[in-house]
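As structure tokens, the structure follows; a few thoughts come after it.
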Amino acid sequence: GQNIDQPTEMTATEGAIVQINCTYQTSGFNGLFWYQQHAGEAPTFLSYNVLDGLEEKGRFSSFLSRSKGYSYLLLKELQMKDSASYLCAVSPPDSWGKLQFGAGTQVVVTP
Amino acid sequence: EADIYQTPRYLVIGTGKKITLECSQTMGHDKMYWYQQDPGMELHLIHYSYGVNSTEKGDLSSESTVSRIRTEHFPLTLESARPSHTSQYLCASSESGLGELFFGEGSRLTVL
């Protein structure tokens, strides 16, 4: 396995910024993915990092440091609809989409 | 809009019954996957397929079986359901195989 660790839950206020950290251990690496999953719904793809650095997509940004086995997802200008579970997933070498997921971080946005 | 469909969404059945969970996608993706997810837990890959007549078992051992006779269709079958099979089953597909997966809405199975 990839030993993917992320916090269980985070709470933040509407309009604020929240950073969800993810650490992983792997001997090889094809990319790191973030998915959003609302309660009772299917996960949806948010972002993908294969090289070190920051990828920005509107209110969401994702950062990767391969040497540290570390990534974070940054959610800015939080909205109530951002309340969901955020899943960190690693793509091992030659895996062709066979992602290994963390348990997810439940983000609760309060008014 | 959903281009990957799973049926049934919810199923409650008795022990020993045979069930098939259907998954179809209209995107023409070669790569398809079945993940299992218990509440509050991570998704675990149980089956995958890289194309027609190609199926492999995933990291999590499962008593289920799959088939891939057509590109768009990837059904999962349990020959004899048990309470330990109670879970949510998520089907996904990918065009590139790099990791951007499109998930179906899931099939929530309860075995009594």
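The figures that follow rest on heavy atoms only: side chains count, while hydrogens, waters and symmetry mates do not. Here is how names work: the chains are called A, B, and so on, in the same order as the sequence lines, proteins then strands, and each is numbered from 1.
Of the listed residues (Thr110(A), Val109(A), Val107(A)), just one forms a side chain to side chain contact (heavy atoms under 4.5 Å, CB included) with Ser83(A), and that residue is Val109(A).
Ring geometry, Tyr35(B) versus Phe103(B): the interplanar angle falls from 30° to 60°, so the pair is classed tilted.
Identified by a heavy-atom distance below 4.5 Å to chain A, the contributing residues of residues 38-54 of chain B are Gly40(B), Met41(B), Glu42(B), Leu43(B), Leu45(B), Tyr48(B), Tyr50(B), in residue-number order.
Residue Leu99(A) touches chain B through both its backbone and its side chain, counting heavy-atom pairs closer than 4.5 Å. Only the side chain of Gln37(B) has a heavy atom closer than 4.5 Å to any heavy atom of chain A. Using a 4.5 Å cut-off between heavy atoms, Gln106(A) does not touch chain B at all. For chain A, the nearby part of Leu90(B) is the side chain; its heavy atoms alone come within less than 4.5 Å.
For the 3.5 Å distance criterion, the side chains of Trp34(A) and Ser71(A) qualify, holding a donor opposite an acceptor.
Salt bridge absent: Glu56(B) and Lys98(A) never bring a charged side-chain N and a carboxylate O closer than 4.0 Å.
The 12-atom threshold is not exceeded at CD of Glu95(B), counting heavy atoms of other residues, nucleotides or ligands nearer than 6.0 Å. Crowding of Lys57(B) atom NZ: a count of heavy atoms from other residues, nucleotides or ligands under 6.0 Å exceeding 12. Enclosure of atom CD in Glu77(A) is not indicated, since only 12 or fewer non-hydrogen atoms of other residues, nucleotides or ligands lie within 6.0 angstrom.
The disulfide bond (SG atoms under 2.5 Å apart) pairs that include a residue from residues 31-87 of chain B number zero, where partners must be two or more places apart or lie in different chains.
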